[in-house]
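Okay, structure first, notes after.
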Amino acid sequence: MDIVLDYADHYALDTVYAHVASAFVATPWQDIVDAHLLARDSLVRQGWTLFWLNGIGAIILYLLLATVSFYTIYDHDQMKHPKFLPNQIVREIKLSVIALPLMSALMLPLFLWEVRGYSKLYDNVEDFGWGYLIATVPLYLFFTDMCIYWIHRWEHHPAVYAYVHKPHHLWKVPTPFAAYAFHPVDGFLQALPYHMFPFIFPLHKYLYLGLFLFVMIWTVFIHDGAYFVSGTFINGAAHHTVHHLEFNYNYGQYFTLWDILGGSHKTPTLENTMPQKGKLTQNMASTVQKSGKKKDD
């Protein structure tokens with residue numbers, strides 16, 4: 001995250017903070033303002049900047065990814081599902097836009113620890129070599145998938161569910177705009193493994209940003225209703241739709257491994273994900289059959 005902070009400071013925020021500080025020149029507040037606004041390593045400046053960068057940046061990226069997915073990938077037949085809610089998309093967007101800045105606030109201590117050098121993020125590939133850099137990707141996916149599985153499953157416990165996870169399950173048939181329609185605490189808990197990883201394992205800074213972007217794309221992808229991947233190993237949109245509809249299955253994020261080991265895996269089918277398509281297929285078959293009979297007559 002310090003890379004993002006450096007770019008933001010260099011290209012915009014140094015000027016912005018200098019302009020703000022100039023209003024306090026020759027006032028009793030000048031020394032305090034200069035110390036906290038002009039110094040890049042000020043905890044106050046870093047915290048304030050990270051909160052807004054992550055809060056606003058997450059909203060922009062969410063709206064961009066979800067909109068592209070909705071108009072290019074999303075299967076709009078999902079909106080014919082009997083459990084699709086009235087005005088659902090507007091409600092998904094509203095909850096997401098409220099939740100994302102609050103999630104950013106909850107994540108702020110971890111962001112600050114990262115930029116202040118308490119994590120194991122590193123700059124030079126040579127520090128650990130290319131082999132480790134490449135191996136970091138499957139390690140990251142395995143670690144975060146495992147953690148999210150157990151966090152997610154815990155959130156379904158009756159003592160926790162109603163207070164934290166229930167808002168995300170309003171959407172029985174989600175759209176890409178539901179990807180971040182969480183209670184802020186729910187979003188924070190499920191994002192925690194991504195930010196815990198660089199405090200446990202060395203992680204290259206640019207790879208960290210790349211994986212962060214991948215996570216956002218994947219989170220939209222599993223809510224897009226386009227069932228490109230429905231095998232037994234990858235937890236794609238079909239598996240995640242089963243989770244939204246049937247509640248106690250398919251808690252994983254990327255893979256089905258922990259669901260299989262934990263006895264919570266359920267294979268998606270047309271019947272348990274898109275019954276409206278099954279009915280449509282039956283109606284079409286019936287129409288073709290009747291048409292054929294008429295020709296024979």
Side-chain angles (χ1 to χ4, degrees), residues 1-65 93-124 127 144 151 163-164 167 180-213 215-216 219:
M1 203 54 70
D2 59 334
I3 293 172
V4 175
L5 202 57
D6 286 343
Y7 277 113
D9 284 338
H10 179 75
Y11 288 103
L13 296 181
D14 283 343
T15 303
V16 171
Y17 285 128
H19 180 73
V20 173
S22 68
F24 294 89
V25 172
T27 71
W29 299 99
Q30 182 175 352
D31 290 342
I32 296 173
V33 170
D34 286 353
H36 292 301
L37 288 188
L38 297 184
R40 283 189 178 186
D41 61 352
S42 161
L43 185 65
V44 173
R45 171 169 164 165
Q46 287 178 339
W48 182 252
T49 302
L50 285 168
F51 169 71
W52 287 107
L53 275 180
N54 284 286
I56 295 174
I59 289 173
I60 293 171
L61 198 52
Y62 151 74
L63 290 173
L64 177 64
L65 292 172
I93 294 172
K94 183 178 178 181
L95 181 56
S96 301
V97 169
I98 292 170
L100 282 167
L102 297 176
M103 284 187 243
S104 175
L106 292 171
M107 295 302 303
L108 189 56
L110 286 172
F111 290 143
L112 284 169
W113 291 338
E114 285 174 15
V115 301
R116 297 182 79 81
Y118 295 105
S119 73
K120 295 186 178 183
L121 291 166
Y122 65 94
D123 292 286
N124 301 312
D127 290 348
T144 55
I151 291 169
Y163 301 101
V164 175
Y180 290 92
F182 286 109
H183 186 290
V185 174
D186 184 7
F188 165 73
L189 290 172
Q190 293 204 52
L192 202 52
Y194 304 124
H195 299 282
M196 285 168 49
F197 186 91
F199 288 94
I200 301 170
F201 304 99
L203 180 61
H204 192 274
K205 290 179 180 179
Y206 281 99
L207 180 58
Y208 182 40
L209 291 178
L211 288 168
F212 183 78
L213 180 59
V215 167
M216 288 204 74
T219 305

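Counting heavy-atom neighbours within 6.0 Å of Y7 OH, excluding the residue itself, gives a total of 12 or less. Other residues, nucleotides and ligands contribute over 12 non-hydrogen atoms within 6.0 Å of the CZ atom of F201.
Taking the six-membered ring where the residue is Trp, Y180 and F182 present perpendicular rings, their angle passing 60° and hence far from 30°.
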Show your reasoning for whether side-chain contact (heavy atoms from CB on, under 4.5 Å) applies to V4 and L50.
CA-CA 9 Å; V4 175; L50 285 168; over 6 Å; no
Kindly indicate, with the supporting measurements, whether the criterion side-chain contact (heavy atoms from CB on, under 4.5 Å) is fulfilled by M196 and L110.
CA-CA 8 Å; M196 285 168 49; L110 286 172; 5.6 Å; no
Could you give me the CA-CA distance, side-chain angles and deciding distance for F111 and H195, then say whether ring-ring contact (aromatic ring centres under 6.0 Å, His included) is met?
CA-CA 8 Å; F111 290 143; H195 299 282; 5.1 Å; yes
Let me see the working for H204 and L121 under side-chain contact (heavy atoms from CB on, under 4.5 Å), right down to the final yes or no.
CA-CA 6 Å; H204 192 274; L121 291 166; over 6 Å; no
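Between atom CG of residue L13 and atom CZ of residue R45 there is a gap of 6.5 Å, rounded to the nearest 0.5 Å. To the nearest 0.5 Å, the span separating NE2 on H183 from CG on D186 amounts to 8.5 Å. Rounding to the nearest 0.5 Å places NZ of K120 at 13.5 Å from CG of D127. Considering CG of D34 and OG of S22, their distance stands at 10.0 Å, rounded to 0.5 Å. Atoms CG and CZ, on L108 and F188 in that order, are 11.0 Å from each other to the nearest 0.5 Å. Atom CD1 of residue I3 and atom CD of residue E114 lie 11.0 Å apart, to the nearest 0.5 angstrom.
Residues I93 and L63 meet the side-chain proximity criterion, which asks for heavy atoms closer than 4.5 Å. For the pair S42/L37, no side-chain contact is recorded, criterion being any heavy-atom separation below 4.5 Å from C-beta on. Counting heavy atoms from C-beta on, the side chains of S119 and W113 never come closer than 4.5 Å. Looking only at side-chain heavy atoms (C-beta outward), V33 and V25 stay at 4.5 Å or farther from each other.
Here the closest heavy-atom approach between residue D2 and residue K205 is recorded as OD2-NZ, 2.7 Å. Residues F24 and T27 come closest through the heavy atom pair O-OG1, 2.6 Å. Closest approach of G47 and L112 over heavy atoms only: N-CD2, 3.7 Å. For A58 against L100, the heavy-atom pair with the smallest separation is O-CD1, 3.8 Å. Across all their heavy atoms, N54 and S104 have their closest contact at CB-OG, 3.3 Å.
Side-chain atoms of T144 and Y194 form no donor-acceptor pair, as typed in the model, at a separation below 3.5 Å. Side-chain contact of T49 with Y17: a donor-acceptor pair under 3.5 Å is present, judged by distance alone.
Partners of Q46 according to the side-chain hydrogen bond (donor to acceptor under 3.5 Å, both in side chains) rule, which considers only residues two or more places apart in sequence or in another chain, are R116.
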